[in-house]
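Worksheet: one structure, shown below.
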Amino acid sequence: MTDLRVQLPGLDLKNPIMPASGCFGFGQEYAQLYDLSKLGSIMVKATTAEMRLGNPTPRVAETSSGMLNAIGLQNPGLEKVVSEQLPWLEQFDVPIIANVAGSIAEDYVEVARAISKAPNVHALEVNISCPNVKQGGITFGTDPDVARELTRMVKEVSDVPVYVKLSPNVTDIVQLAKAVEQGGADGITMINTLLGMRLDPKTGRPVIANITGGLSGPAIKPVALRMVYEVRRHTDLPIIGMGGVTEVDDVIDFLSAGANAVAVGTANFVNPFVCPELIDKLPERLHELGYESVEELIGRSHRL
Amino acid sequence: MTDLRVQLPGLDLKNPIMPASGCFGFGQEYAQLYDLSKLGSIMVKATTAEMRLGNPTPRVAETSSGMLNAIGLQNPGLEKVVSEQLPWLEQFDVPIIANVAGSIAEDYVEVARAISKAPNVHALEVNISCPNVKQGGITFGTDPDVARELTRMVKEVSDVPVYVKLSPNVTDIVQLAKAVEQGGADGITMINTLLGMRLDPKTGRPVIANITGGLSGPAIKPVALRMVYEVRRHTDLPIIGMGGVTEVDDVIDFLSAGANAVAVGTANFVNPFVCPELIDKLPERLHELGYESVEELIGRSHRL
Amino acid sequence: MIKQEKMAVVSHQEIAKNIFELTVTGSLVQEMNEPGQFVHVRVADSFEPLLRRPISVAKIDKEASSFTMIYRAEGRGTTLLSGKTERDMLDVLGPLGHGFPVEAAEQKAYLIGGGIGVPPLYELALQLNARGVETVHILGFESREAVFYEDQFRALGDTHIATVDGSHGTEGFVTHILNALPNDFDTYYSCGPTPMLEAVQWAYPQKKGFLSYEQRMGCGIGACFACVCRTTKSETDYIKVCSDGPVFPAGVVIS
Amino acid sequence: MIKQEKMAVVSHQEIAKNIFELTVTGSLVQEMNEPGQFVHVRVADSFEPLLRRPISVAKIDKEASSFTMIYRAEGRGTTLLSGKTERDMLDVLGPLGHGFPVEAAEQKAYLIGGGIGVPPLYELALQLNARGVETVHILGFESREAVFYEDQFRALGDTHIATVDGSHGTEGFVTHILNALPNDFDTYYSCGPTPMLEAVQWAYPQKKGFLSYEQRMGCGIGACFACVCRTTKSETDYIKVCSDGPVFPAGVVIS
Ligand SMILES: Cc1cc2nc3c(=O)[nH]c(=O)nc-3n(C[C@H](O)[C@H](O)[C@H](O)COP(=O)(O)OP(=O)(O)OC[C@H]3O[C@@H](n4cnc5c(N)ncnc54)[C@H](O)[C@@H]3O)c2cc1C
Ligand SMILES: Cc1cc2nc3c(=O)[nH]c(=O)nc-3n(C[C@H](O)[C@H](O)[C@H](O)COP(=O)(O)OP(=O)(O)OC[C@H]3O[C@@H](n4cnc5c(N)ncnc54)[C@H](O)[C@@H]3O)c2cc1C
Ligand SMILES: Cc1cc2nc3c(=O)[nH]c(=O)nc-3n(C[C@H](O)[C@H](O)[C@H](O)COP(=O)(O)O)c2cc1C
Ligand SMILES: Cc1cc2nc3c(=O)[nH]c(=O)nc-3n(C[C@H](O)[C@H](O)[C@H](O)COP(=O)(O)O)c2cc1C
Ligand code: FES
Ligand code: FES
């Protein structure tokens, strides 16, 4: 029997596969399609202190092997998430990773404090890297000092381990990883989207109302994999890797590069059953490759 | 008659289409296929002071809608380029943009001084952004102070206008653009490749011998377009835009975002006739869109 | 229930200029009920194009376990779709969203469609007629070449065609026809470009009306918040076109 | 001259496990001469997969203006290629590179191939025989199921097969056969995996030999420097497999 289990701070995962934040809402929709208890974890949609209506539409645009989005952190707000969305998810046997966002540091602290007390929230994912919010947002993810400090503040109030989600839109991602490590992060999740743009050739206008958006999907996988590989060389923090995962060999690649678990974002839109399918395919593929557990595979590219 | 001409410092272009550096050698190979005089310009392969043998193979790997390369600036060296490759290109009625690279600033200066004297070299493209050379290379392109100073040094010795090629692997490309503008650059070319990686899922080994490589092709177009758009908002310097151009609407998009001309890299490998085909298609597409000249279209996305 | 199924192409033909009629078969059809629902179609196995395409259900045949879509081959995805042949399988996710409430109409309904908004009105007309509701069809197209299903609609009730260039039927938009028609219906249903929906809504403030909206989509099932619109209910209220709609009562959606 | 042409698929069939024989027709064939040249094939109109695939020319029929490739459907690109049918057009760039010098052989030549290195040896065998050179074929495959063109080679000369698992012919590698064969040939030609080329080269230091190499390619025409190898000539000398090769005299390339 191939052992898919992975142990991470706060997270006892049955398997290393989970939907990425923002691509799975709070699970309700995908629960119509399959049993969410099958998932290793669920990274739920970003939660902010107040309800957010997000950006104007169009919010998505297709690109070659990818897509742009500028949802703008639309969410029902902390109160509703804690009183409605998270309790609803308790029916499933799956640890939740709550994605925390805000415009100023105090917002993050407020959300982190409250949401980390929800019984099924086993970890936080601090989203310092959303490219689609005008205030704050992105700068938290590009300045190491700010990132370190924010991590420290969130860590202080959180009842559960804190993972920080890194932005790829930086010169040196290792520097950011080290900064959040110094800030006390228990883990890293990476990568968020690359900042991109699409124009309508007929009019010259940006297709996305917000002008720019975040690029995700298979197109960004080489960048994501490179960053996971680099960060793994410089820190022992657990990494949840993501960026373009759609097939079982993508999971293998991220684990090989040093990710301890793997999140799936855009691929859910292409194939809504992608997460359970990956979970089903993983044991056989590991076996073919001569591995008996996920843990054995993690980081193998660094041991060659 | 649609007017395809574009006037840039040092470059009187018949049309705004040119092959990107490193994807067209020194023209010999493509000259077997069509008349190079048709091209707006040619950005020839990076030239270094001494001959370089580049990186071990494999040097290329395919990715979703893109490819990675780690050629490592292989080239015959300044002397041979000036005595053989450039003179050979004189048979064509096409201005050459010479791509200048090196490990230390003095290398750049040496190459710039000599190569800018070649009669058919009408502009330099200072490659401060190659991700595939170990020494120097990339740091020139990520530190604004170093980039400014290098630009200044090259500008001082060059007999022709100097364009600086920017790297997308930075937190703030506008900062870099401004730095090279301050250094005296006559123009900007952008973008070089995004640093990426591919693993062989069977073995966990990097497919590229150099471990990482530069990502190019349609996958990166949204990132390139966003960067051109941003840089255009902050400088009046001419921009030669590139990144994933394969179809005539990609040319339209880059011009709309503010590029004054467009370079085509990876697409030459997919369709070796892509440059002349784009040149042939451009007048009709401009006409359809209601434009009578390329100049009219440039930057239209900023005027909406 | 929403299903994902590889459905077999039964027939596929160009029925007007760049307009294709595509019938596929599979068990997913048994889940279909409301006219106005849509499916999310994957046009290629490759990642390029990556996203699914939303296409309305134009006709349901439960007995044959098949349903029909009518679409315009326009961009990259739908052009690829138009290359599918009878030996191919099509990856379909559906049925999605909430469609037109057939029980809302009492005696006579106006079905007002524009371009690729026309297809879902066909299944709607079938179901309304089956319930004994009289249907009048007011359909707008670009030009004569783009007109489709005119005979099929005529077989079900009065049918008026407008073309922008006047090459067939009335010249202009559906609103030009509406102006000349009596007000003797109780309910209207409409699907088409947003400006048309606005105009129709504006024309009949007194009537019961149902409008089908379009938005760029990611997931198609309500999870990604790509397809939201604000509503008239409150400053903070919004709907998702994919899962709350695409059909909404008139007066609800701010488009 | 190198041409790019949409060539029509004439026939396409699986001739061994995952091994396909694909014949296409077009004017590009008139440019083909040397056995061992290759073409660069675009397997999809989409950007995914993006790059062309290098495939050797296995048989040239100038009269019919057609040529044949034999390839293994393995990765994403060749698997897509295997889906092409007789109604399809194939985007081919070629002929590329320099092939085997047929004039080098005098009386008797050994043609030594492994796996998907076997195909170019077939056109080579045809041309050598046409010149009156006796050819002996030593061909290695994974297993019985992967063997192809055995009869075709037999019709041209002595043919010896090795399979790794021993399910057909000699068990082991081509070198096991070579050890047992006489040394009475003047020239050898070889194509296959690099370790095989090394072994063959090692076995016959005295003989005239020509080896066909493989490298990952970008452009396929010599412009991108993806496919270089160093040579034995000097520290700074190198060749490009795509345009200087893929065939080189034994002893030149450092692989
Ligand atoms: C609920 C709903 C039902 C629809 N029903 C039909 C139908 O029955 N027949 C039909 O012909 N068309 C219908 N459409 C429109 C159809 O989805 C678009 O024409 C199609 O997605 C365009 O794809 P493309 O590949 O041609 O264009 P591309 O330009 O390649 O599309 C790029 C991206 O934009 C999206 N997009 C482009 N245009 C639209 C649009 N108008 N609405 C939503 N997304 C768009 C695509 O889905 C894709 O993600 C419907 C749209 C919606 C939302
Ligand atoms: C000069 C030459 C002649 C060849 N002739 C034949 C032939 O006649 N029959 C045949 O079956 N194969 C031949 N090959 C090998 C063939 O090119 C590869 O098997 C094929 O490119 C693999 O593509 P894929 O889509 O299956 O694999 P993928 O894994 O999808 O390929 C990914 C990328 O790697 C490249 N690649 C993978 N394997 C190889 C390889 N072995 N050599 C070069 N590039 C590779 C692909 O071209 C592509 O760019 C030849 C290779 C060369 C260089
Ligand atoms: C529509 C959409 C919405 C997203 N929303 C969030 C979000 O709320 N919080 C967050 O941290 N990341 C968000 N992301 C980023 C993803 O979680 C993920 O990091 C990124 O998409 C890369 O993974 P992928 O290529 O598998 O999609 C969003 C991505 C998409 C496509
Ligand atoms: C194989 C290869 C070699 C390259 N070599 C160089 C080079 O020598 N100098 C340089 O400035 N850019 C080089 N580039 C980058 C391209 O010029 C271009 O900036 C990049 O590929 C993005 O454009 P594209 O997506 O159209 O390929 C190279 C790119 C490729 C694919
Ligand atoms: S398309 Fe994802 S919520 Fe509607
Ligand atoms: S593949 Fe480009 S030089 Fe050989």
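Chain A is the first sequence line, chain B the second, and so forth, proteins listed ahead of strands; every chain is numbered from 1. Just so it is clear, the structure is predicted and the values come from calculations on it, not from any experiment.
For a residue to count as touching a neighbouring chain, one of its non-hydrogen atoms must lie under 4.5 Å from one of that chain's; by this rule B:Ala257 touches chain A with backbone and side chain alike. The contact between A:Ile252 and chain B is made entirely by side chain atoms (from C-beta outward), counting heavy-atom distances below 4.5 Å. Only the side chain of B:Leu68 comes within contact range of chain A, judged by heavy atoms closer than 4.5 Å. For A:Ile211, the part lying under 4.5 angstrom from a heavy atom of chain B is the side chain only.
Among A:Gly66, A:Ala61, A:Gly217, A:Gly204, the residue with the largest count of heavy-atom pairs under 4.5 Å with chain B is A:Gly204. Taking A:Leu297, A:Leu289, A:Val248 one by one and counting their heavy-atom pairs under 4.5 Å with chain B, the maximum is reached by A:Leu289. Contact tally against chain A (heavy-atom pairs below 4.5 Å) for B:Ala219, B:Pro201, B:Pro168: the top residue is B:Pro201.
Partners of B:Ala261 under the side-chain contact (heavy atoms from CB on, under 4.5 Å) rule, at least two apart in sequence or in another chain, are B:Leu8, B:Leu13, B:Pro16, B:Met18, B:Ile240.
For B:Pro222 against A:Leu215, the heavy-atom pair with the smallest separation is CG-CD1, 4.0 Å.
With values rounded to the nearest 0.5 angstrom, B:Leu255 atom CG is found 11.0 Å from A:Leu199 atom CG.
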Put together the list of donor-acceptor pairs under 3.5 Å connecting chain A with chain B, please.
{"residue": "A:Ser65", "atom": "OG", "partner": "B:Ser65", "partner atom": "OG", "Å": "2.5"}
{"residue": "A:Thr171", "atom": "N", "partner": "B:Thr171", "partner atom": "OG1", "Å": "2.9"}
{"residue": "A:Thr171", "atom": "OG1", "partner": "B:Thr171", "partner atom": "N", "Å": "2.9"}
{"residue": "A:Thr171", "atom": "OG1", "partner": "B:Thr171", "partner atom": "OG1", "Å": "3.2"}
{"residue": "A:Leu195", "atom": "O", "partner": "B:Arg226", "partner atom": "NE", "Å": "2.9"}
{"residue": "A:Leu195", "atom": "O", "partner": "B:Arg226", "partner atom": "NH2", "Å": "3.1"}
{"residue": "A:Met197", "atom": "N", "partner": "B:Pro222", "partner atom": "O", "Å": "2.9"}
{"residue": "A:Pro201", "atom": "O", "partner": "B:Arg300", "partner atom": "NH2", "Å": "2.7"}
{"residue": "A:Lys202", "atom": "O", "partner": "B:Arg300", "partner atom": "NH1", "Å": "3.4"}
{"residue": "A:Thr203", "atom": "O", "partner": "B:Arg300", "partner atom": "NH1", "Å": "3.4"}
{"residue": "A:Gly204", "atom": "O", "partner": "B:Ser301", "partner atom": "OG", "Å": "2.5"}
{"residue": "A:Pro222", "atom": "O", "partner": "B:Met197", "partner atom": "N", "Å": "3.0"}
{"residue": "A:Arg226", "atom": "NE", "partner": "B:Leu195", "partner atom": "O", "Å": "2.9"}
{"residue": "A:Arg226", "atom": "NH2", "partner": "B:Leu195", "partner atom": "O", "Å": "3.1"}
{"residue": "A:Arg300", "atom": "NH1", "partner": "B:Lys202", "partner atom": "O", "Å": "3.4"}
{"residue": "A:Arg300", "atom": "NH1", "partner": "B:Thr203", "partner atom": "O", "Å": "3.4"}
{"residue": "A:Arg300", "atom": "NH2", "partner": "B:Pro201", "partner atom": "O", "Å": "2.6"}
{"residue": "A:Ser301", "atom": "OG", "partner": "B:Gly204", "partner atom": "O", "Å": "2.5"}

